[in-house]
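Heads up: the structure comes next, in structure tokens.
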Protein chains: 2
Amino acid sequence: MVAKATIDDVAALAGVSMKTVSRVVNNEPNVRAATREKVAAAIAALDYRPSQSARSLAANRSYVLGLLYDNPSASYVIDVQAGALATCRRAGYDLLIHPCKHDSEELTQEVLLLARQSRVDGLILTPPLSDIAELVQGLVEAQVPFVRLSPTENKAACPYVQTNDQEAAYDMTCKLLELGHTRIGFIAGHPDHKAVTERYLGYLAALKENDLRYDRTLVEQGYNSFDSGRECAARLLDLPDAPTAIFASNDDMAAGVIIEAHHRGIAMPVELSVAGFDDTPVAHQIFPSLTTVRQPIVEMAGKAAELLIKLLKGKSVQMPAAIMSCRILERESTHQVQP
Amino acid sequence: MVAKATIDDVAALAGVSMKTVSRVVNNEPNVRAATREKVAAAIAALDYRPSQSARSLAANRSYVLGLLYDNPSASYVIDVQAGALATCRRAGYDLLIHPCKHDSEELTQEVLLLARQSRVDGLILTPPLSDIAELVQGLVEAQVPFVRLSPTENKAACPYVQTNDQEAAYDMTCKLLELGHTRIGFIAGHPDHKAVTERYLGYLAALKENDLRYDRTLVEQGYNSFDSGRECAARLLDLPDAPTAIFASNDDMAAGVIIEAHHRGIAMPVELSVAGFDDTPVAHQIFPSLTTVRQPIVEMAGKAAELLIKLLKGKSVQMPAAIMSCRILERESTHQVQP
DNA sequence: AATGAAATTGACAGCGCTGTCAGCTCAGTT
DNA sequence: AACTGAGCTGACAGCGCTGTCAATTTCATT
């Protein structure tokens, strides 16, 4: 790499102390405008770039956020990364990604290590990690700053960003009811993944609200994967009195439903309506394209990073609970029930 | 965070100098076994974790690799990340992700900044960034170590990892020919994305090899996206003498072909065979599931990180060119041509 | 037991920055 | 004109580690 100018070089050229250069670089107050300009000119002339390692060591912060996840959905993870990164860049932070296993024994230790090595200043936890009590507890005890995406438990512990999953699932169920469906199958999400399971509550609430009896045979336990969705669909469609609509807790499972129906020669959406949740890319790449719920994942992650950075700056973020709204996207896979 | 033990604490407890502790921590040779054990015990007792920022500053390396990409495929990016991370963890490195715009004016500057700030020790470039001459040139000049995934140009410049895209596309085309198809439509990839465009050469080679005349109307220019695939398919299927098989340069475009065919009521695979490339998740989530080519992306990225780390360790990696093989996956979307 | 080479260990000087704190400058006051 | 306090600036001491190099120990040989 090119010989790099240090803060001393800049100070010498600008005719000030290196501390003043530091002030200018860090946008600190109490520097006369004229001085600021002199320094800025010197920085430009030398093409000076502060060394991150040096400032990390001296200031005891790394200007790096860690992003923790354990989610099989590539598009979800990419969106979270994109949102977090956008904020990070604006604030001069970098993002370290740290996929991990939510059921690992050493999860908490592994994550704490990141902070203990001073690799990251704070962490963003995404579901299902945001609901692991031991991990959350460990971070609180070690006083590692962190923000959670969509936690369902222990919300007092720290800042979080959330969506109204339950409400959106309620709305989606109502939509299907409005289309005349009375037997609506539901495929629940992975039990370890609390945020997804919340959607089940929305489904239940909508049935209740509309005085439909709850039929246990219409609810299948899925595991968030395409394959599990397909298996659940097979069972639902085998029912003597099969549902005319199936609402899956996520798009991957909904895609599984659609494949299973295709293989059975069921015409969609006329003979079967299908709804999903998440609006992953597959939702509009399958036939029929999927009616689903879009979450503002990028924005949520961006907000989370923002809260975290505020927290790091010491601006007491009084446990702010940013709640963001989902939106139903009606596509081809839902249709009026046939008489 | 918990009060952290420093190297001095460990040295004091073990009764050695901090340099010796440093040697043990870094697995350097020339430390007596007994000493090593004493130190190890002290480290364990104090739960000592070296500060990354301090060692970065002192050793002038960050133990972080940067991953550069500009690829709309979430699953591709996730796979690359996973592969690179696996290697990084084994070697004690972290991974900084850096999505960017391949057509940005300031791309080279932006990327060089990462190294100049000593945030990363080296870079992994993925297509289409691996083919941007200016960027590659800039890195070489600035002496930033880097490794490329699937470069098609200037291969002498530095280590790279590659797949035999062209050969795989050749094989896939032959497979369609064997199924009796003689009019095989082809949807080319984004012209900026060299690695994808190589697949076109494989298609051409197969036609030539089998003495089929090249029909220009059967080749459409796509842009790697689902929508562009669908548009190209529409044009191909509108042809008076429409193809009986369509080979798209990637799965997203192939998914577009399948949707377009569905909307036209074309029965697949009997009336139309479709083939893709990449084996993205959508390939087996659509109906009919897609015959495609699987690249060992995770392995490639892992290998790339490995080469890069070797390079950083000064072990002269004499421009090693790891070439890895693709595999055709036959699924439901391809079928014998109808007489 | 003396000898020399190799193995092992430690002292020390930074790496390039930021935090602390003291000192200086300069309006606005009295 | 002297005084005040806010605004501005700089000296300096680390942050916790690694690289260098010299000192010491070890061990096989003679």
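Below, read A as the first sequence line, B as the second, and so on, with proteins coming before strands; counting in each chain starts at 1.
Contacts between residues 17-25 of chain B and DNA chain C, defined by a heavy-atom separation below 4.0 Å, involve S17(B), M18(B), K19(B), T20(B), R23(B), listed by number.
The residue T35(B) sits close only to the backbone: its heavy atoms come under 4.0 Å of sugar-phosphate atoms, none of a base. Heavy atoms of P29(B) sit nowhere under 4.0 angstrom from any nucleic acid atom.
Between I7(A) atom CD1 and dG16(C) atom P there is a gap of 11 Å when expressed in whole angstrom units. N27(A) places its CG atom 17 Å from the C1' atom of dC17(C), with the value rounded to the nearest Å. When rounded to the nearest whole Å, the span between CG of N26(A) and P of dT9(D) equals 15 Å. The CZ-P distance, from R116(B) to dC17(C), rounds to 12 Å in whole Å. As a whole-Å value, the separation of K4(A) NZ from dC15(C) C1' is 11 Å. Rounded to a whole Å, the CZ atom of R61(A) is 18 Å from the C1' atom of dG16(D). Regarding D8(B), its CG atom lies at a distance of 11 Å from the P atom of dA11(C), rounded to whole Å. R55(A) has its CZ atom 9 Å from the P atom of dC17(C), to the nearest Å.
With contacts defined as side-chain heavy-atom distances shorter than 4.5 Å, the pair E110(B)/H98(B) qualifies. Residues L107(A) and C100(A) meet the side-chain proximity criterion, which asks for heavy atoms closer than 4.5 Å. Counting only heavy atoms from C-beta outward, the side chains of V111(A) and L68(A) approach each other to under 4.5 Å.
Put simply, Y48(A) has a side-chain N or O that comes within less than 4.0 Å of OP1 or OP2 on dC17(C). A sub-4.0 Å separation between OP1 or OP2 of dA6(D) and a side-chain N or O of N30(A) is absent.
Toward the 5' end of DNA chain D, the nearer of the two residues R32(B) and S53(B), judged by each one's closest nucleotide, is S53(B). Annotation: of the two residues near DNA chain C, A54(B) and G15(B), the 5′-most nearest-nucleotide partner is G15(B).
Proximity of a side-chain donor or acceptor of S62(A) to a complementary backbone N or O of S56(A) within less than 3.5 Å is not detected. When atom types are taken as modelled, the side chain of R116(B) and the backbone of D47(A) share a donor-acceptor pair closer than 3.5 angstrom. A distance-only check finds no donor-acceptor pair linking the side chain of N71(B) to the backbone of V77(B) [under 3.5 Å]. No donor-acceptor distance shorter than 3.5 angstrom exists from the side chain of D70(B) to the backbone of K101(B), with no hydrogens or angles considered.
Of the listed nucleotides (dG19(C), dG16(C), dC17(D)), dC17(D) has the atom at the smallest distance from the side chain of T6(B).
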